[in-house]
A.B. asks: 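Structure below; questions to follow.
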Amino acid sequence: MRRSAAPSQLQGKPFKKPKFIPPARSNPSLNAEITKLDPDMQLSEVAADNTLLQSQADPTIYSLNLLPAEDSGREMNHGETCAVPAFNLHHTVHSSPEDLTVSKGQEVEPGSVVKYFTVVWCKASKKKHKKWEGDAVLIVNGKSLTLKDLEGKDIGRGTGYKFKELEKIEEGHTMMIGGKEIEIMGSISPDDFSSGRCFQLGGGGPAISSSSQAAKKCFSNPLKSVYKPSSKENRQNSFQNCKPRHDPCAPNSLVMPRPDKNHQWMFNKNCFPVVDVVIDPHLAYYLRPHQKEGIIFLYECVMGMRVNGRCGAILADEMGLGKTLQCISLLWTLQCQGPYGGKPIIKKTLIVTPGSLVNNWRREFQKWLGSERIKIFTVDQDHKVEEFIKSPLYSVLIISYEMLLRSLDQIKNIKFDLLICDEGHRLKNSAIKTTTALISLACEKRIILTGTPVQNDLQEFFALIDFVNPGILGSLSSFRKIYEEPIIVSRQPSASKEEKELGERRAAELVCFTGLFFLRRTQEVINKYLPPKIENVVFCRPGALQLELYQKLLNSQAVRFCLQGSLENSPHLICIGALKKLCNHPCLLFNSIKEKECSSTWDENEESSLYEGLINVFPADYNPLMFTEKESGKLQVLTKLLAVIHELRPTERVVLVSNYTQTLNILQEVCKRHGYAYTRLDGQTPVSQRQQIVDGFNSKYSSDFIFLLSSKAGGVGLNLIGGSHLILYDIDWNPATDIQAMSRVWRDGQKHPVHIYRLLTTGTIEEKIYQRQISKQGLSGAVVDLAKTSEHIQFSVEELKNLFTLHESSHCVTHDLLDCDCAGERDHTGDSLEKFPVSRNCQLGPHHKKSDSLKPLSMSQLKQWKHFSGDQLNLKDPFLDRIRENVSFFFQNITNQNTAALLGKVTS
Ligand SMILES: Nc1ncnc2c1ncn2[C@@H]1O[C@H](COP(=O)(O)OP(=O)(O)OP(=O)(O)O)[C@@H](O)[C@H]1O
Ligand SMILES: [Mg+2]
């Protein structure tokens, strides 16, 4: 029987032995292109070249920060480099506990032989000349056969075969399985099966199945915008000017890697001399080492030097590492230089960013390049895209995601050579308009910048990868079967050893491959440039009115209804909202009750059963506008804290964060009452004014003492280094929101030691939310994501019972849960935090060692923080000492060991 037309084998030679072809290179169009360029050059050689490329470069550049789950006993020794595992030709193994063999439901027969084969299949028929319908993978396990298509789906099963028959299986052998006829094409190593590589052998695979335009045309020339065929004369002229723009031999010069022979052969068709691309020394002078590495990484990615013909990258450095400067350096370099004849690589760049950061980008351009070198255009109400189109002056267009949607038609008509999507984790949802709009742009050099972990959800991770390098991971359905499902199954407590190993291998493969164009570094790389950070969790005693109202709320009909068990139509979110308001200040609850009383739906409203009788707890003449600080434990602590900062550090400033506008109103009123100059940024602040407000606060001439910030409205990406004290007045379910806010002040450029205060009301729901943030339960959900709110959280009745319990007698419920031997009675100082592993919820599993400081810390880490009760006398920290009267418990941690010497200054 002859093989006629299995889809994945229509182009290129049919293979006998499977070869490792990473997803990007297994693409028929790539294969065709290479064949066209050099008939003698085989795809496998190109793949080998790419592997080489990978190992040549600086290993640290490949580090992906995909960290182990806390409970994982195993650590794969990935180290810094992540070389693609060598192809293993051993294809027959005896099953043993180590074998990575079967899918769920298949029993491994002791001592039996497990083999894997590539096959072609068609429906069983008596026709002499078969028309093969597709490629598949055959698993022979004992007497059982399983057939999987290249998307990983089971398409046939059979049992009861004779051992003798199965032993004879070899290339060319045909057999029947589950109503399908198959022909064996070759064998596969267990290694190739367990890593998932065998599924990438061409069919149904990358690029072909992706819907995007760019995916269909995946083998692109990263230099094509530059290489217009020139006349001989022009070329000769160019040859004469072929000098590096900056001296590559000057001390501290940063020179980009030269393209290798393969790259030159493919992209330097005009045979221009290869010229060093050198980062402008003006910029190189300021660059931190990790930024230099980052620029080289980005350069290699967009030049197609890492994965042939792919020009996308994701720079996922933690917040504050200077992703903006790295991009500006890249853009400025590519706009002026190139490796072939020195010709520039790009002409126009599009930067898409959240509205509040449009002007931040402008400022950063100005800060690093001044106003003369490069002309940038920012789109706002008064400056439309038309202006950019008409003027030849501008090479960079900066626009918000919202404006992009409105001006999409015009933007599509502009030829951009580089696209940068800042805070690009929003593109993780490929169905939203913003993503489809950006996908529709023809630009192939795409960079996503994000400081938020994106590996926690593999489908979202897939969407981001697919955006920058369309089709590189195949179709979503095959990705799910081959990577996501085994990886998730392997993380379940019930997973078998085989499932665990299979999941780990697939994750390793994915990390390894995506590491070619995904880079994440952690805060630690800039710690040494930053002052110390003193983080405090402050447990504030609730006021008497708060306690009475809290008890009453917990005894309400609405709360009791929530605890009855039926969570459908349960008003638990309303109950949680009311308790959170009460923790911030009773007057907020008072306002809600009054508002509801006035509404026409008061009687039928669930809130009426929650608020019943509450108003009587307030004094008869209660006026929310005349609220007092004493009524709220946290507000009392806050006012004392502001006073002590003002007194002891008169030149320093405070960023005061809440997620609620109404709470910010109260805090603003406190500022007024105490005569503190303040400025405010929340959801209502017009985008055009935001940068001005930020700049004003950061300026050394600013008279503002306090920056009132709604973190949800505009915290992402902001630099608020004018402030060195940050107070989180309320807690969010989502740790990412709080971490984003905290990262605003402890960043490059900060001159003072940074003090962070997280205020929590002792024994209340705020403590529970905090525990949820730091406990495993909090980590296992998809909460580490800015888009997730409490509406996305599923609660069990047990959890609700816990949430709706007040612990009046405890100094700190969180400490009670830590199982700590100090019993909260003494100044307990644990070992250095850095010694303890950080818990992770990355779906990719235990493959990387570096910690990720953006993740909320775990309970066990918290235990290592210094902690003490508020009753303790003589606190060394003068700020804490002043507030301790209203505080039942403190946790404190000081980060940045290398600058801890300054601590004397901090606490003296
Ligand atoms: N090499 C450097 N030297 C001095 N300051 C720097 C350097 N690199 C960056 N900065 C400054 O550090 C601050 C943070 O940089 P940037 O806003 O680019 O961070 P980011 O990585 O984008 O963080 P986020 O994820 O929060 O947006 C900026 O004020 C920037 O100008
Ligand atoms: Mg940024």
Side-chain angles (χ1 to χ4, degrees), residues 65 252 254 279-295 297-298 313-332 351-370 398 400-401 420-426 447-454 519-531 655 657 690-691 694-695 697-700 709 711 714-724 726 736-751 754 784-786 852-854:
N65 186 33
N252 300 323
L254 176 60
I279 301 292
D280 192 329
H282 169 79
L283 287 172
Y285 176 79
Y286 296 102
L287 294 170
R288 309 278 189 216
H290 76 277
Q291 293 173 329
K292 291 181 178 175
E293 283 176 0
I295 294 166
F297 161 82
L298 290 173
I314 298 177
L315 183 59
D317 286 347
E318 278 191 2
M319 290 174 258
L321 264 61
K323 294 184 281 293
T324 323
L325 173 57
Q326 292 174 65
C327 283
I328 289 175
S329 307
L330 174 83
L331 182 163
W332 174 236
I351 298 173
V352 196
T353 174
S356 54
L357 297 179
V358 169
N359 283 315
N360 182 57
W361 271 90
R362 174 188 276 286
R363 258 198 119 262
E364 288 279 311
F365 267 103
Q366 182 133 25
K367 178 172 173 178
W368 301 112
L369 290 173
I398 305 175
S400 69
Y401 285 98
I420 298 172
C421 301
D422 192 16
E423 302 297 342
H425 42 266
R426 62 173 67 201
I447 297 175
I448 280 183
L449 302 180
T450 175
T452 306
V454 287
L519 179 65
R520 179 172 182 81
R521 276 84 53 89
T522 57
Q523 182 96 44
E524 283 134 49
V525 298
I526 53 161
N527 276 2
K528 63 170 177 272
Y529 307 106
L530 297 181
V655 178
V657 188
R690 292 185 180 194
Q691 191 58 36
V694 170
D695 289 347
F697 182 72
N698 288 338
S699 153
K700 61 179 174 199
L709 173 71
S711 62
V716 177
L718 284 186
N719 288 306
L720 291 172
I721 49 170
S724 51
L726 183 135
T737 312
D738 291 346
I739 293 166
Q740 268 284 352
M742 290 194 278
S743 307
R744 300 305 111 209
V745 292
W746 197 53
R747 40 174 57 210
D748 223 323
Q750 178 59 260
K751 301 276 186 296
V754 165
V784 189
D785 174 342
L786 284 174
D852 185 338
S853 59
L854 281 185

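Counting starts at 1 for both ligands and their atoms, in listed order.
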A.B. asks: Test your reading of the model: is there a side-chain donor-acceptor pair from Arg744 to the backbone of Asn719, 3.5 Å cut-off?
C.D. replies: no
A.B. asks: Calculate, to the nearest 0.5 Å, the distance between atoms CD and CD1 belonging to Gln291 and Ile328 respectively.
C.D. replies: 10.5 Å
A.B. asks: Run down the list Gln291, Arg288, Glu364 and name the one with the heavy atom closest to atom 8 (N) of ligand 1.
C.D. replies: Gln291
A.B. asks: Check the side chains of Trp368 and Glu364 for a donor-acceptor pair under 3.5 angstrom, ignoring hydrogens and angles.
C.D. replies: yes
A.B. asks: Considering only heavy atoms, does Trp368 approach ligand 1 within less than 4.0 Å through its side chain, its backbone, both, or neither?
C.D. replies: side chain
A.B. asks: What are the atoms of ligand 1, with element, lying closer than 4.0 Å to any heavy atom of Met319?
C.D. replies: 23 (O), 24 (P), 25 (O), 26 (O)
A.B. asks: Output yes when Asp422 and Lys323 qualify as a salt bridge under the 4.0 Å nitrogen-oxygen rule, no when they do not.
C.D. replies: no
A.B. asks: Distance under 4.0 Å to a non-hydrogen atom of Thr324: what atoms of ligand 1 satisfy this?
C.D. replies: 16 (P), 17 (O), 18 (O), 22 (O)
A.B. asks: Using a 4.0 Å cut-off to any heavy atom of Arg744, which atoms of ligand 1 qualify?
C.D. replies: 26 (O)
A.B. asks: Would you give the length of the straight line joining atom CD1 of Ile279 to atom OG of Ser329, rounded to the nearest 0.5 angstrom?
C.D. replies: 6.0 Å
A.B. asks: Considering only protein heavy atoms, which is closest to atom 13 (C) of ligand 1, and at what distance to one decimal place?
C.D. replies: Asn719 OD1, 3.5 Å
A.B. asks: Within ligand 1, which atoms have a heavy atom of Leu325 less than 4.0 Å away?
C.D. replies: 1 (N), 7 (C), 8 (N)
A.B. asks: Would Gln740 count as a polar contact of ligand 1, with the cut-off being nitrogen or oxygen pairs under 3.5 Å?
C.D. replies: no
A.B. asks: Is there any N or O on Gly320 that sits under 3.5 Å from an N or O of ligand 1?
C.D. replies: yes
A.B. asks: About how many Å separate NZ of Lys751 and OG of Ser724, when rounded to the nearest 0.5 Å?
C.D. replies: 12.0 Å
A.B. asks: For Arg363, look at atom CZ and say whether over 12 heavy atoms of other residues, nucleotides or ligands are found less than 6.0 Å away.
C.D. replies: no
A.B. asks: Do Arg747 and Ile721 come close enough that some side-chain heavy atom pair is under 4.5 Å?
C.D. replies: yes
A.B. asks: Determine whether the side chain, the backbone, both or neither of Arg747 has a heavy atom under 4.0 Å from any heavy atom of ligand 1.
C.D. replies: side chain
A.B. asks: Among all protein heavy atoms, pick the one closest to atom 25 (O) of ligand 1 and tell me residue, atom and distance.
C.D. replies: Lys323 NZ, 2.8 Å
A.B. asks: Would Gly322 count as being in polar contact with ligand 1, using the rule that some N or O on each side must be under 3.5 angstrom apart?
C.D. replies: yes
A.B. asks: May I ask you to list the atoms of ligand 1 that are less than 4.0 angstrom from any heavy atom of Glu423?
C.D. replies: 27 (O)
A.B. asks: If only atom types and distance count, is the side chain of Arg521 paired as donor or acceptor with the main-chain N or O of His290 below 3.5 Å?
C.D. replies: yes
A.B. asks: Counting heavy atoms only, which of Glu318, Lys292, Lys367, Gln326 comes nearest to atom 31 (O) of ligand 1?
C.D. replies: Lys367
A.B. asks: Answer yes or no: does an N/O atom from Leu321 fall short of 3.5 Å to an N/O atom of ligand 1?
C.D. replies: yes
A.B. asks: Among Asn360, Ile420, Val358, Asn359, whose side-chain contact (heavy atoms from CB on, under 4.5 Å) with Thr353 holds?
C.D. replies: Val358
A.B. asks: Checking a contact table here: which protein heavy atom is nearest atom 7 (C) of ligand 1, and how many Å away?
C.D. replies: Asp748 OD2, 3.5 Å
